[in-house]
Engineer: 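Sharing a structure with you now.
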Amino acid sequence: MFLFLLLLCSSSRMLNALNDAVKKQQSDMLSLGAVVDYTSLAGKKEKVAMDMAIEDIYAHANHQNFPTLHVENTRGDPFRAASSVKTLIEKQHAKAIIGFGTWQEAVFVAQLGNESKVPILSLANEVPQWGSCHWPFLVNAARSQNAQMKAVAAIIQSWKWRKVNIIYEDMNPAVTGISPEIIAAIQEVDVEINDLLPLSLFPPHHSLSKKLENLKNGSCRVFIVHTSITLATKIFMEANSIGMMDKDYVWITTNAITSQIDSLNASIISSMQGVLGVKSYFSTTPKSYKDFHFRFRVMFHLQYPGEPVPEPGTSAMQPYDAARAAALMEKPNLKSCKNLTDDVACLHEMNGQQLLGKILQSNFEGLTGAFNFKEGKLAPIHIFRMVNVVRKSYRELGFWSEGLGFSESIHKASKYNRSMSILGQVFWPGGPWSVPKGWGVPINAKPLKIGVTVATAFSEFVNVKYDRPGDKPIVNGFSIAVFEAALDLLPYHLPYEFIPFNGTYDSLVQQVYVETFDAVVGDTTIIANRSEYAEFTQPYSDSGLQILIYFKPKRVERAWLFKKPFTTFMWVFTGVINVYNGFVVWLIERNHNPDFRGSIWNQIGTMVTLAFTTLFSLQGEKLHSNLSRMTMVVWLFVALVITQSFTASLTSLLTVQQLDQTTIDIETLKKSGAKVGCNANSFVGKYLEVVLGFQPNNIRTIGSGDYYPQALKSGEIAAAFIEAPYVKVFLAKYCEGFITSGPAFKVGGFGFAFPRSSPYLPDISEAVLKLSESGKLRQLEDFLSSSYKCLASNSDVLKLSKSGKLRQLEDFLSSSYKCLASNSDGNLDSLGLNSFWGLFFITGGMSTIALLAFIFRYVRERWYRPLGQAQAQ
């Protein structure tokens with residue numbers, strides 16, 4: 001018995017000594033901590049990768065004290081993560097702790113690291129800049145993937161979706177889970193965030209279903225899922241069960257989900273068909289990665305033999321690099337550790353601040369690239385893969401590079417494009433061929449409230465009427481037809497309702513600014529001061545402000561209208577020169593032509609006939625003298641010019657009668673104090689006063705376009721200033737006696753007003769351009785004017801307007817206007833001798849030269865003939 005007690009006492013002492021030795025040995029080891037979630041595949045991959053990093057770093061170390069990695073299981077609970085960190089610090093004396101894949105988890109433990117002076121290496125991809133300042137011992141050991149938000153925005157912009165829903169994971173109510181980068185990226189491409197849906201990691205089934213149903217009932221069908229893979233699987237399973245993975249739906253996932261798709265089982269993959277994903281890109285060609293890839297699969301199989309072996313991915317590569325930095329691959333400087341020759345012993349002597357500095361000074365080539373901190377951060381990721389879930393797995397469509405765009409590869413010779421269409425066909429939810437509209441008819445959606453004016457002067461553009469008082473308004477007109485035709489070209493459904501507004505156009509546009517209306521549709525002119533309250537689409541009508549006048553016919557006796565082209569003196573001188581030229585020809589040819597002989601009356605008749613028939617024929621074959629031929633050629637040339645001038649002048653007199661001189665020049669209108677008219681409730685009245693300088697009491701506002709004819713004819717107004725689209729309709733209705741005068745003043749055309757940065761504005765503008773290019777807008781304009789087509793046979797003004805001659809005549813009349821006062825003899829339109837004196841000088845001179853030559857030759861013959869006969873005798 002005594003022997004037994006002695007042996008027991010000896011063995012107890014030996015066991016205590018052995019335990020003391022083990023504790024001493026453990027205290028001499030470098031202790032590192034890790035916090036992972038063993039219930040998730042990502043946590044298991046992190047554990048395997050960190051074990052490999054510790055083994056690789058100290059495999060060939062010359063000391064015997066192997067560092068230990070103490071791993072705590074959070075089971076996906078952030079609160080458990082905080083208690084695990086406390087355990088690692090207090091009981092395991094961890095010098096550094098690695099883990100925390102989300103920013104929300106890192107927040108729970110950051111303060112513990114600060115208080116204990118223990119570096120916390122977070123694997124979260126999204127850590128705000130102020131995090132390191134607030135918690136100096138929180139080190140972001142993962143590369144920022146904020147650029148993926150720009151990649152998501154580029155996808156949305158490529159397919160021209162204008163609204164999105166964002167589903168994100170909100171783990172800590174005190175710290176929002178939505179990334180500000182994704183909101184900024186979405187807004188940068190002028191896309192509206194329709195809804196933000198925060199979800200907890202473990203939402204009750206009925207709660208998740210209800211929230212997704214609410215999104216389904218809306219009109220927006222584009223969803224961005226920015227959560228952990230655990231929550232994402234629940235979202236997609238529920239979305240698939242309630243019919244949200246069908247046609248016209250779009251689902252886009254960020255890297256936290258996309259990088260782990262290959263680890264999901266077949267049932268979850270089947271519920272994600274057509275999902276587009278953004279995945280971080282790391283080069284897999286280096287030998288170091290290939291070696292890591294092989295050993296990772298082997299070790300994962302050894303540690304978890306009953307599970308499928310996954311691809312390592314970023315969830316393994318980043319923990320591997322972080323563990324290397326925490327284990328201090330670079331040996332400490334022994335000079336700083338007095339009387340110590342062992343690396344690990346030296347590390348024990350270093351305080352937390354020194355260890356933190358050592359980690360931040362890390363500089364080695366990691367699996368994800370160069371691992372060195374600049375301003376406390378690793379170099380961010382700028383290249384991402386585009387992934388499309390198809391059938392049992394996914395396929396890689398191509399790449400997106402920040403600042404460059406989409407490409408099929410990332411070689412130097414790669415071609416980049418801003419549109420994702422360069423990557424080829426995408427398999428969308430519900431079918432691969434048609435691009436989803438991203439919109440659907442909502443069950444309880446509120447339609448856009450569109451304001452329309454009831455105070456328009458021309459109801460042909462906007463007409464509001466009611467069948468009975470209290471009924472829904474019936475709105476139609478040219479502007480409404482253009483708007484509805486543009487909506488037909490949109491890639492989505494846009495519900496709307498028209499709300500009449502009784503007020504000025506300026507106040508109507510201001511209602512968009514104060515959010516009374518979602519848009520304004522109608523004959524709203526695009527001007528600068530209205531653009532301060534709203535943005536306008538492309539104009540759908542001609543621009544310009546024109547002067548409309550009524551021209552009074554001048555009382556001219558039609559029987560004598562033929563003499564108006566020339567002045568009286570011109571007529572007389574033309575007759576004189578014709579008689580003179582005829583006399584010269586007759587005199588030269590009378591000795592050679594028997595027709596020019598006879599009685600004196602016969603010769604006079606022949607001479608006069610010859611003078612006027614020359615205007616229509618040369619009669620060169622009947623002439624014998626070169627002198628008479630020269631005279632006739634010049635005479636005929638002058639006759640042709642005079643005849644054509646007479647024809648042109650008479651044509652203008654027969655088609656366009658003289659305009660009243662008080663309605664042509666705008667300066668005269670102002671100096672004479674003439675009254676001018678414009679549409680009521682429009683900007684034109686202010687424009688006439690401020691820009692053109694009319695006196696306010698000389699401006700008459702007219703409420704209806706049908707009153708302009710009466711006001712112009714009665715002289716109530718001398719001219720009307722009307723916008724170009726209205727002028728077309730007015731002239732189609734009242735083409736008799738009304739024309740435009742002078743050049744058009746440059747103002748904007750008609751457009752539709754929307755709030756600033758409205759997601760609908762680019763689409764509506766593009767649709768208006770398509771209407772114009774396709775000819776549909778022209779058809780609507782022709783239909784508008786054809787209802788009032790003037791068919792009167794004597795409508796010469798309308799014919800001239802179509803041919804373009806009217807504009808030439810207006811320019812001529814306008815340029816001649818300043819001479820009206822001085823030319824009071826009534827012969828302004830008659831051509832006088834001053835227009836043809838050069839021609840008359842030529843023909844008269846030629847005839848005179850021929851006459852003198854003939855006389856000279858005749859005298860010489862008369863003089864020398866008797867002298868020759870006398871000498872002969």
Engineer: If you compare all heavy atoms of Val676 against all heavy atoms of Leu669, which two are closest, and at what distance to 0.1 Å?
Structural biologist: CG1-CD1, 4.4 Å
Engineer: Between Ser645 and Val641, is there a donor-acceptor pair closer than 3.5 Å when you use the side chain of the first and the backbone of the second?
Structural biologist: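 Yes; judged by distance alone, with no hydrogens or angles, the pair exists.
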Engineer: Answer yes or no: is there a side-chain heavy-atom contact under 4.5 Å between Val634 and Ile842?
Structural biologist: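 Of all side-chain heavy-atom pairs linking Ile842 with Val634, at least one is under 4.5 Å.
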Engineer: Run Lys728 and Asp542 through side-chain contact (heavy atoms from CB on, under 4.5 Å) and show every step you take.
Structural biologist: CA-CA 10 Å; Lys728 289 184 178 180; Asp542 295 336; 2.5 Å; yes
Engineer: State, yes or no, whether a side-chain contact exists between Tyr540 and Phe752 at a heavy-atom distance under 4.5 Å.
Structural biologist: yes
Engineer: Show the numbers, then the answer: is there a ring pair (Phe, Tyr, Trp, His ring centres under 6.0 Å) between Phe683 and Tyr505?
Structural biologist: CA-CA 8 Å; Phe683 77 99; Tyr505 285 87; 9.0 Å; no
Engineer: Is there a donor-acceptor contact under 3.5 Å linking the side chains of Glu535 and Ser758?
Structural biologist: no
Engineer: Per the side-chain hydrogen bond (donor to acceptor under 3.5 Å, both in side chains) rule, which among Asn681, Thr524, Asp523 passes with Thr456?
Structural biologist: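 Single pass found, and it is Asp523.
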Engineer: Does this structure show an ion pair linking Glu766 with Lys770, if we count only N-O contacts that are shorter than 4.0 Å?
Structural biologist: yes
Engineer: If you take all heavy atoms of Ser479 and Gly522, which pair is closest and at what distance?
Structural biologist: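 For Ser479 versus Gly522, the nearest heavy atoms are OG-C, 3.5 Å.
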Engineer: Which pairs of donor and acceptor atoms, one on a side chain in residues 704-711, lie under 3.5 Å apart (sequence neighbours left out)?
Structural biologist:
unit_1, atom_1, unit_2, atom_2, d
Ser704, OG, Asp706, N, 3.3
Asp706, OD1, Lys733, NZ, 2.7
Asp706, OD1, Tyr734, OH, 3.1
Tyr707, OH, Glu716, OE1, 2.6
Tyr708, OH, Cys678, O, 3.3
Tyr708, OH, Asn679, N, 3.1
Tyr708, OH, Asn679, OD1, 2.7

Engineer: Quick one: closest heavy-atom pair of Gln546 and Thr740, and the distance?
Structural biologist: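 So the minimum-distance heavy-atom pair works out to OE1-CG2, 4.1 Å.
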Engineer: Could you please spell out the steps behind the salt bridge (Lys or Arg N to Asp or Glu O under 4.0 Å) verdict for Lys160 and Asp763?
Structural biologist: CA-CA 8 Å; Lys160 300 180 180 180; Asp763 292 346; over 6 Å; no
Engineer: Which pair of non-hydrogen atoms, one from Val521 and one from Val452, has the smallest distance, and what is that distance?
Structural biologist: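 So the minimum-distance heavy-atom pair works out to O-CG1, 3.3 Å.
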Engineer: Is it true that Tyr726 and Phe461 have ring centroids separated by less than 6.0 Å?
Structural biologist: yes
Engineer: Dump the intermediate steps for side-chain contact (heavy atoms from CB on, under 4.5 Å) on Lys686 and Leu688, then the final yes or no.
Structural biologist: CA-CA 5 Å; Lys686 196 70 174 178; Leu688 293 176; over 6 Å; no
Engineer: Check this for me, if you would: do Glu781 and Arg778 make a salt bridge, where the nitrogen-to-carboxylate-oxygen distance has to be below 4.0 angstrom?
Structural biologist: yes
